[in-house]
Amino acid sequence: MKYNYLEIEKKWQKYWEDNRIFRTPDPEDLDKSKPKYYALDMFPYPSGDGLHVGHPEGFTATDILARYKRNKGFNVLHTMGWDAFGLPAEQYAIKKGIHPKIRTAECVDLFRRQLKALGFSFDWEREINTTDETYYKWTQWIFLKIFNSYYDEKENRAKPVSELKIPEGLSEKEKYDYINSQRLAYLAEVPVNWCPELGTVLSNEEVPEQIEKGFTVVRKNMKQWNLRITKYADRLLKDLDDLDWPNSVKELQRNWIGKSEGAKITFKVKMSDENKGENYSVEVYTTRPDTIFGVTYLILAPEHKLVEFITTPEKKDLVKAYVEKAGFKSDMERTELSKNKTGEFTGAFAVNPVNGKEIPVLVADYVLASYGTGAIMGVPGHDERDNEFALKAGLEIIPVVIPEKYKSEDEIKQFTERTIKGEECYSGEGISVNSGFINGLKTEDAIKKVNERIEETGAGKKAINYKLRDWLFSRQRFWGEPFPLIHLEDGTFKALDESELPVKLPDIESYNYSGTGESPLAGIDFWINTTDKETGRKAKRETNTMPQWAGSCWYYLRYLDPDNEKVFCDPAREKFWMPVDLYIGGAEHSVLHLIYARFWYKILFDLGYVSYKEPFQKLFNQGMILGEDGVKMSKSRGNVINPDDVIRNFGADSMRLFEMFMGPLEATKPWSTKGIEGLSRFLNRVWRLIVDENTGTVKSSVVFEEPDLNALKLLHKTIKKVTEDIEDNDMKFNTAISYLMVIVNEMYKMEKISRIMIEKFLVLLSPFAPHIAEELWEKLGHDKSIQFESWPEFNTEYTKEDSVTVVFQINGKVRAKKEVDYDTAEDILEDLALYNENILKQIMGKQIIKVITIKNKMVNIVVK
RNA sequence: GCCCGGGUGGCGGAACUGGUAGACGCGCAGGACUUAAAAUCCUGUUGCCUGUAAAGGCAGUAUCGGUUCGAUUCCGAUCCCGGGCACCA
């Protein structure tokens, strides 16, 4: 009987499902003395194309850990679900005129079937779908919690707005405005990234991806919902330190948050005749207060509020034209034109607070309105951007920092001359010159001194800035979570009560975009028009929907308690299972999903709904699998590998094994059909090692005998290596599999193989290739799933070597080798080396300078 | 430009804490089985040189240099590839 993977895999998949082998009982029914292990995959977006080979790579890795930990006696939670809101289903709906719900269900069915065919040990009874009403009810619920919270700066945490102190003496309207200004979810007219092709706005994070796809993105001012993630910038940054995440992801997030320390400095605007009586001043942000004596001009971003107030009448037209032109440019265009900086003089002058120098104030679009104060001080001697601009605009350059490498007067003189001419622009640290009270100080001390001074004189203070912006949270789409909000006729809005959730999506016929920048929902009168339950007033529903990231911000919590109708997740369950012990997914989610999810979890933590600071303790990114031609798989290239075909030709076990064997999990590596043949060959070898292909029963060479010493050593070394590789932080499954191959190769050389050895081997193999392991386990006479077997332990008695090959070197070059007993004493090794024939030949007549001996390793003879 | 990774046989990749470079797999070559092929099994496989052989020598982990008795591993410089960010003051 040949190894019939198709039949075997089907059989065991059915067995696992029928017998609920991978069902995880809830904590109340668990043996809590055992440790828990939560192995989580980033849940997929179920697309119509079905699974690609990249999905199973990460899923296989978590599955190996999940199965291994079950064998180890852990309570394991391993789950799967669907991140099913999103544009593709909506676009399909527009084209075919059927509800995205229907299309989504089809795609989910396809994905589920494909995943089941790979034999993953998910607890399918916990399957979730972000588009289910019973799921997004809780997404909306969490949104309400965010909406109804504010950030308490003193306690550094979110609190319910009911605890917000409202300034006294405010009118009802003022109170309403004040509260809204404090909420963690707020409506604001902001410049957004509008994508005309998609008919929606995009978050900053989504822009590069869409541009890559060929869509255009333009700046537009629109009223949008935002989440105040910036309040969490510091915690999101600090708490990264304790996470067991790849360094690159942490670094990416740190850069994204982009904390910088500097100072805000105020420059008073010198009053001209026209604006006499008004006290305008420009606040700038700089990380280099020490260069303040080198400031020769100020720049306001075109969107800066002061522009219209300080511009002198004779400059009004020019400035106005410039600001308008800048407004038409998208961020992209502004960036692309970076080499050609432009600006316009406002006619106004400002006064440098440290030396009273009068400097011109300009408008230029290389300064971003959204960062810092939207204004900068121009230090063309020591900032490359300012330098570029100053040269173009013919502005003065003053050198104020000398690099420390220049010591002699001559060098310093040459450097300052080059700087003045604009030939050199040094932006590093150094010694201050031409700088009044900080002359001669090193940058670090100069900064301190300037900060002290401006604080004393009230001209400024230390300040911290982040690149991170608030999260633009609304989309003009149909297929997303509706906001649980209504707008009243008086122009105010209010949140619905929890009891009114979920706000369901309507069933409609046409999903075309309104074209007005509103969601398709805006055209559905029966859905929009509603009444305020509390007061009975007429109201209209908010027509924006949430971005796709919303559902994925908390799905890992819903798995813990998927059917709960009372709460989003039972606190006891949350406490038991969280944090996630292993989270695997693609590196493309390093910033977006992982920052958003951390943010939501932290809000829930602040409000007391969850019990840890961070949701994902250990994170791992699986690498990309390229096509056989070494480039990214794509339909247009025709190099896409379909898992269904692979399973049909080689089986799920071979596929799992191969994807793990290709190389390190995090590496990008090409698919290879020849490669998977090798793994299929390996499983066939395993089969024939145990099964007599004529009778289909266990071979007579598999005997009820204790393994001999050599076999024991082989077995225990294999147990050790496989166990250590699975436990290893880097998840070295490729080497674990290579040891499994080695032991099989060795067992093939044995005339008789102990059943004990075979059985332990099968347990080692089972997390990687579970179907064949179950089948052989059954053939060996077991009636319980191999998943219930405990993981083999190794005995160090058998894992240590009893003899080792020691090398003899001359001047570091290997000249001879010798097999010796383990732990042979150093002096004996030395003698062995010195009297070795080959060594003797070569050191003859030479002087021995010294001999270095390392036990069990080598003897190195240094000669002259 | 900046920040992270990474460059090892024909290919995917191994190599503990500085101590035998190339595990395992693919491919290739030779052999066995077969009428033949496939499948399977066995042997060999970094390159070059000497040798009938056994064996031995030289070079070798992107390049150049350094530290060391000894470097794929540590340090410095350079080149190349991948990913991310990109006027963030």
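In the text below, chain A, chain B and the rest are named by the order of the sequence lines, each starting its count at 1.
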Kindly point out which of [options] is positioned nearest to the side chain of [X]?
| X | options | result |
| --- | --- | --- |
| A/Asn745 | B/G25, B/A89, B/C26 | B/G25 |
| A/Leu252 | B/G84, B/C24, B/G27 | B/G84 |
| A/Val807 | B/U20, B/C42, B/G57 | B/U20 |
| A/Asn247 | B/G25, B/A21, B/C4 | B/C4 |
| A/Lys467 | B/A89, B/C85, B/C41 | B/C85 |
| A/Ser248 | B/U40, B/C4, B/A89 | B/C4 |
| A/Arg688 | B/A59, B/C41, B/C24 | B/C41 |
| A/Met741 | B/C41, B/C26, B/C24 | B/C24 |

Can you measure [X] atom [atom1] to [N] atom [atom2] for me and round it to whole angstrom units?
| X | N | atom1 | atom2 | answer |
| --- | --- | --- | --- | --- |
| A/Phe808 | B/G56 | CZ | P | 14 Å |
| A/Leu689 | B/U40 | CG | C1' | 14 Å |
| A/Asn4 | B/A39 | CG | C1' | 16 Å |
| A/Arg685 | B/C41 | CZ | C1' | 9 Å |
| A/Glu251 | B/C4 | CD | P | 6 Å |
| A/Asn255 | B/C87 | CG | P | 14 Å |
| A/Leu626 | B/G6 | CG | C1' | 15 Å |
| A/Glu588 | B/G84 | CD | C1' | 13 Å |

Which is true for [X] with a 4.0 Å heavy-atom rule: it touches a base, it touches only sugar-phosphate, or it touches nothing?
| X | result |
| --- | --- |
| A/Arg681 | sugar-phosphate |
| A/Ser590 | nothing |
| A/Thr805 | base |
| A/Lys817 | base |

* Between A/Val806 and A/Met377, just flag the one whose closest nucleotide in RNA chain B comes earlier from the 5' side. => A/Val806
* Asked: If you pin A/Met624 and A/Gly678 to their nearest nucleotides in RNA chain B, which one's is more 5'?
  -> A/Gly678
* Structure fact -> Reading nucleotides 7-17 of chain B from 5' to 3' and marking B where a protein heavy atom lies under 4.0 Å of the base, S where only the sugar-phosphate is that close, and - otherwise, the string is -----BSSSB-
* Going through the distances and angles, do A/Arg254 and A/Asp241 end up as a salt bridge (Lys or Arg N to Asp or Glu O under 4.0 Å)? -> CA-CA 10 Å; A/Arg254 286 190 189 113; A/Asp241 295 345; 3.2 Å; yes
Could I get a table of every N or O pair under 3.5 Å where one atom is in the protein and the other is in nucleotides 67-70 of chain B?
residue, atom, partner, partner atom, Å
B/C69, O2', A/Asn860, ND2, 3.4
B/C69, O2, A/Asn860, ND2, 2.5

* To do: Decide side-chain hydrogen bond (donor to acceptor under 3.5 Å, both in side chains) for A/Ser260 and A/Tyr285; before the verdict, give the C-alpha distance in whole Å, the side-chain angles of both, and the deciding distance to 0.1 Å.
  => CA-CA 10 Å; A/Ser260 84; A/Tyr285 174 74; 2.6 Å; yes
* Asked: Is any N or O donor-acceptor pair between the side chain of A/Lys341 and the base of B/C87 shorter than 3.5 Å?
  -> yes
Using the [atom1] atom as the point on both nucleotides, what is the distance between [M] and [N], in whole Å?
| N | M | atom1 | result |
| --- | --- | --- | --- |
| B/A37 | B/G51 | C1' | 40 Å |
| B/A21 | B/U72 | P | 9 Å |
| B/G60 | B/C48 | P | 16 Å |
| B/U78 | B/A89 | C1' | 32 Å |
| B/A29 | B/G10 | C1' | 13 Å |
| B/C16 | B/A71 | C1' | 16 Å |
| B/G5 | B/A62 | C1' | 16 Å |
| B/U73 | B/G7 | P | 11 Å |

Between [Y] and [X], is there a salt bridge with N-O shorter than 4.0 Å?
| X | Y | value |
| --- | --- | --- |
| A/Lys674 | A/Glu677 | yes |
| A/Lys325 | A/Glu344 | no |
| A/Asp386 | A/Lys341 | no |

* Syn or anti for B/G9, taking syn as within 90° of 0? -> syn
* Residue pairs fulfilling salt bridge (charged side-chain N to carboxylate O under 4.0 Å, His left out) with at least one residue in residues 284-302 of chain A, sequence neighbours excluded -> A/Arg288-A/Asp290
* **Worked verdict on A/Glu57 versus A/Lys669 for salt bridge (Lys or Arg N to Asp or Glu O under 4.0 Å)** => CA-CA 11 Å; A/Glu57 193 192 9; A/Lys669 54 235 154 187; 2.7 Å; yes
* To do: Using the six-membered ring of A/Trp245, assess whether NZ or CZ of A/Arg598 lies under 6.0 Å from its centre and within 45 degrees of the ring axis.
  => yes
Would you call the rings of [X] and [Y] parallel, tilted or perpendicular, taking 30° and 60° as the class edges?
| X | Y | answer |
| --- | --- | --- |
| A/Trp671 | A/Phe658 | perpendicular |
| A/His382 | A/Tyr426 | perpendicular |
| A/Trp549 | A/His589 | perpendicular |

* Asked: How would you list, by chain and number, every residue that makes a side chain to side chain contact (heavy atoms under 4.5 Å, CB included) with A/Val814, sequence neighbours excluded?
  -> A/Val807, A/Gln809, A/Lys817
* Got a sec, which residues hit side chain to side chain contact (heavy atoms under 4.5 Å, CB included) with A/Asp827, two or more places apart in sequence or on another chain? -> A/Ala825
* Do other residues, nucleotides or ligands put more than 12 heavy atoms under 6.0 Å from the CD atom of A/Glu423? -> yes
* Asked: Paired stems touching RNA chain B, three or more consecutive Watson-Crick or G-U pairs with both distances under 3.5 Å?
  -> B:1-7 with B:79-85, B:10-12 with B:24-26, B:27-32 with B:40-45, B:46-50 with B:55-59, B:62-66 with B:74-78
* Asked: When you check the phosphate oxygens OP1 and OP2 of B/A59, does a side-chain N or O of A/Lys813 lie under 4.0 Å from one of them?
  -> yes
* To do: Determine: side-chain N/O of A/Tyr366 to OP1/OP2 of B/A89, distance under 4.0 Å, yes or no.
  => no
